[in-house]
Amino acid sequence: MTATGARPLVIDALTRRFGTVTAVSALSLEVRAGEIVGFLGANGAGKTTTLRCASGLLAPDQGRIEVAGADLEREPRVAKARLGLVPDRPFLYERLSAREFLAFVAALYDLPADAAARRAEDLLTRLALAEHADRTIEGYSLGMRQKTAIAAALLHSPPLLLLDEPLNGLDPPAARLLKDLLREHARAGGGVLVSTHLLDVAERLCDRVVILRSGRVVAEGTLEDLRGDRRERSLEDVFMELDGGAS
């Protein structure tokens with residue numbers, strides 16, 4: 001993990017439009033080292049647009065994004081090398097095996113081959129992919145593809161992990177493994193921003209949550225912060241009150 005001493009992610013006044021539609025409006029958030037931040041909101045709230053901007057897949061119309069001390073606009077190669085992304089629809093080279101794909105990703109990051117191979121084998125084993133790692137990805141199930149994308153994002157131990165609905169396609173044991181990996185990453189000093197519709201998962205996993213509505217942050221903080229004086233409220237209760245029951 002790159003030790004920059006900087007916060008893994010700083011987003012300052014991000015705005016992104018699609019034609020006349022403003023998907024994200026003056027959004028600011030940060031992910032600190034050692035924490036997992038849940039990114040919550042109804043469909044269309046702007047979560048995926050924010051993550052795509054933060055990863056460099058979309059250019060903002062306004063605002064500034066910094067990844068582990070590197071400005072994404074001024075230093076795109078440096079910033080992108082300091083993050084790992086699991087998008088909502090991961091792109092994988094289907095004619096490669098998982099082991100070949102991870103070797104390809106390692107080469108993109110200029111990782112030493114021997115160390116990268118050891119790291120890849122560890123991740124393949126942890127994610128229960130090792131016995132399938134020489135099969136081509138085109139024959140993989142949705143869950144196996146998701147696990148391959150997760151391994152690729154973790155391979156270079158980046159300061160920042162961005163995950164968009166990472167539990168899609170994962171069975172309960174694989175979901176538990178992913179949660180363990182994310183917590184280990186945070187304990188090692190990395191930061192994690194994870195978008196999920198699973199509020200119970202966010203409640204158990206995340207140190208803080210950011211709730212988005214119509215492209216704007218409507219609440220953020222720990223669960224205790226969001227509960228206020230009503231300590232019996234769950235994250236689902238808080239979310240539904242803030243979101244007005246939108247779906």
Check this for me, if you would: do D88 and K47 make a salt bridge, where the nitrogen-to-carboxylate-oxygen distance has to be below 4.0 angstrom? no
Salt-bridged, R176 to D180, with N to O below 4.0 Å? yes
Would you compute the distance between atom CD of E138 and atom CG of L96 and round it to the nearest 0.5 angstrom?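 Going from the CD atom of E138 to the CG atom of L96 covers 10.0 Å.
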Per the ring pair (Phe, Tyr, Trp, His ring centres under 6.0 Å) rule, what does the pair list look like for residues 107-154, sequence neighbours excluded? Y109-H156
Pairs in or reaching into residues 49-99: which pass ring pair (Phe, Tyr, Trp, His ring centres under 6.0 Å), with residues at least two apart or in two chains? F91-Y93, Y93-F104
Donor-acceptor pair between D225 and T222 side chains, under 3.5 angstrom: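 Side-chain D/A pair, D225 to T222: present.
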Contacts of D207 that satisfy salt bridge (charged side-chain N to carboxylate O under 4.0 Å, His left out) - sequence neighbours left out: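 Applying salt bridge (charged side-chain N to carboxylate O under 4.0 Å, His left out) to D207 gives R183.
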For L58, the other hydrophobic cluster members (4.5 Å side-chain criterion, sorted by chain and number) are F18
Candidate pair E184 and R126, rule side chain to side chain contact (heavy atoms under 4.5 Å, CB included), full reasoning: CA-CA 12 Å; E184 288 173 18; R126 293 282 304 274; 2.9 Å; yes
Return all side-chain donor-acceptor pairs below 3.5 angstrom for residues 192-201, not counting sequence neighbours, or 'none' if the list is empty.
{"from": "S195", "atom 1": "OG", "to": "D164", "atom 2": "OD1", "distance (Å)": "3.4"}
{"from": "T196", "atom 1": "OG1", "to": "L198", "atom 2": "N", "distance (Å)": "2.9"}
{"from": "H197", "atom 1": "ND1", "to": "E165", "atom 2": "OE2", "distance (Å)": "2.5"}
{"from": "H197", "atom 1": "NE2", "to": "N43", "atom 2": "OD1", "distance (Å)": "2.9"}

Would you list the pairs meeting side-chain hydrogen bond (donor to acceptor under 3.5 Å, both in side chains) in which at least one residue belongs to residues 13-24, sequence neighbours left out? R17-Q62
Chi angles and distances behind the side chain to side chain contact (heavy atoms under 4.5 Å, CB included) call for V37, E35: CA-CA 6 Å; V37 178; E35 73 173 354; 3.5 Å; yes
